[in-house]
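These figures come from a predicted structure and were not determined experimentally. Order of the sequence lines sets the chain letters (A, B, ...), proteins ahead of strands, with each chain counted from 1. Just the heavy atoms: all of them, side chains too, but no hydrogens, waters or symmetry mates, feed the values below.
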Number of protein chains: 2
Amino acid sequence: MAKRKRVLKWQRDPEGMRLRILEAAKQEFSAHGIGGARVDRIAQEAGANKRMLYYHVGNKEDLYLAVLEGAYEKIRAEERELDLEHLAPPEAIERLIDFTWNYFIKNPEFLALLNTENLAKAKNLKRSTKVKSMHSPFVEMIRDVVRRGVASGDFRVAVDPVQLYISIAALGFFYLSNSATLSVIFGRDLLAKEARDERLQHMVALVLAALTGKPMPSFAKDKAPKLRSAAHHTA
Amino acid sequence: MAKRKRVLKWQRDPEGMRLRILEAAKQEFSAHGIGGARVDRIAQEAGANKRMLYYHVGNKEDLYLAVLEGAYEKIRAEERELDLEHLAPPEAIERLIDFTWNYFIKNPEFLALLNTENLAKAKNLKRSTKVKSMHSPFVEMIRDVVRRGVASGDFRVAVDPVQLYISIAALGFFYLSNSATLSVIFGRDLLAKEARDERLQHMVALVLAALTGKPMPSFAKDKAPKLRSAAHHTA
DNA sequence: GGACAAATTAACCCGTTGGATAAATACTGT
DNA sequence: ACAGTATTTATCCAACGGGTTAATTTGTCC
């Protein structure tokens, strides 16, 4: 195939085109929000004509929703890969924190998209039957881990898994999502590798200390000089 | 005064006008972000002619920066009111969490503005000498509290005050800022009074348990039936 | 009671933007 | 090789949006 007789001005690639459009849209929406996103810029970035956006996906709103749904699909898919059942409760929690943290680091557009969607009071998410049907496996996973932890004596208390899930997400999300302003306020680069490692360690220490009651070995002191990067990088 | 001879079409009120403009701008920017904000809407909401915005404050960008600076001024002012020095370390931490939480609840535009500014990679904040000169008193306050806590034996570990500050902010900020999407995902209204109270209790329990090593009395169990609302509402 | 500046309004300008239309070009099956 | 359809390009446009210009009104100081 692809036996081009002459010089082809362009070649067909509907699937590829659609993907490039969605990728470009993801970048655009996550970089500028809904109101700041420019349809023309998406087209240009996708190496497409503006007409293609409407042909393959739809108008700006459809485009945004497709991006949002794609973002949720992706994280849900990765979440399913993680199985915490086979780990001892403390390790399971550490793994969960590590995964969440690294997912956020690797997918900064996801953070921005969530913020953007919340600015819109989740009005698009509410319309999306697709996203609403994608349940996160984490709540049940955490419920199980906590149950096991309490039974084994590793954990002292039965936390509400939803609260714990939100807290774990929060500790990483806020740090990363607001790293720009926080870096200015504190006068340090929170995204530097050292700072990120320190943050991960702090989060793990905080949550595990609360759950197990045992002080974490590596609970960071005031301005810890040098910290090994976390052990397991799962994602 | 105000002995209007005839029917006055309008009256002068430069200061009041400026305030109304800034208030309207705050609402607009926090509701729609930078790109989504509409200058005409700000004018209308402020009961002003569009020209007034440029006359009293400046263009859209100036308007946004003024709003951002005002937001930081306000929280810094309230932060200064809080003195943690006179409280026992655990109470000081609880008070800090309570204050932060309630400030966020009472000032939802602040959360939105921070998100918006981070979407812009803090480029406006960086230009603002005003904001950069407004140091938060919290880091030093926390440093002191932690020191005292370790000395008294209340706390087991010396946490980096910056990490702790970020964590405390994170636990509340993420929950509230993302309450719209999270409510959809979890199928519960996270802003309902009960849910908010439960969240505050969880945050306090989590942080204090990690610091003191003692399990909190009220560490919420899986779906706690009814929880007393938190004891001290400071702010 | 008028002059002069400050405050406010009304009207308009013009580049941008989301979206639409129609024509051109490439691929597919027969 | 040809018809028919799928895909892409080239324009167009009406509404919108930020910003400006000029005229109008109000307060204040002599």
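For residues 28-45 of chain A, the salt bridge (Lys or Arg N to Asp or Glu O under 4.0 Å) pairs, not counting sequence neighbours, are Glu28(A)-Arg41(A), Asp40(A)-Lys50(A).
Atom CG of Asp13(A) is separated from atom P of dT8(D) by 7 Å (rounded to the nearest Å). The CG-C1' distance, from Asp40(B) to dT20(D), rounds to 13 Å in whole Å.
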Interface polar pairs with nucleotides 27-30 of chain D, N/O, under 3.5 angstrom:
none

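Looking at Arg143(A) and Glu140(A), a side-chain N of the basic residue comes within less than 4.0 Å of a carboxylate O on the acidic one, giving a salt bridge. Using a cut-off of 4.0 Å between Lys/Arg side-chain N and Asp/Glu carboxylate O, Arg76(A) and Glu73(A) are scored as not salt-bridged. Ion pairing of Arg127(B) with Glu61(B) is present here, as a side-chain N (NZ or NE/NH1/NH2) and a carboxylate O approach within less than 4.0 Å.
For the segment residues 44-56 of chain B, residues with any heavy atom less than 4.0 angstrom from an atom of DNA chain D are, sorted by number, Lys50(B), Arg51(B), Tyr54(B). Residues from residues 15-39 of chain A with heavy atoms under 4.0 angstrom of DNA chain D, sorted by number: Met17(A). Residues from residues 59-68 of chain A that place a heavy atom under 4.0 Å from any atom of DNA chain C, listed by number: Asn59(A), Lys60(A).
Using a 3.5 Å distance cut-off with no hydrogens or angles, the side chains of Glu69(A) and Ser128(A) do pair a donor with an acceptor. For the residue pair Glu117(A)/Tyr64(A), the side-chain donor-acceptor check at 3.5 Å is satisfied.
Closest approach of Leu63(B) and Leu53(B) over heavy atoms only: CD2-CD1, 3.9 Å.
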Next on the checklist: Using side chain to side chain donor-acceptor pair (under 3.5 Å), reason through Arg95(B) and Thr100(B) one step at a time and then give a plain yes or no.
Outcome noted: CA-CA 9 Å; Arg95(B) 181 103 170 235; Thr100(B) 304; over 6 Å; no

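Bending across the helix from dG1(C)-dC30(D) to dT30(C)-dA1(D), expressed as the angle between its end axes from five pairs apiece, amounts to 10° (10° rounding).
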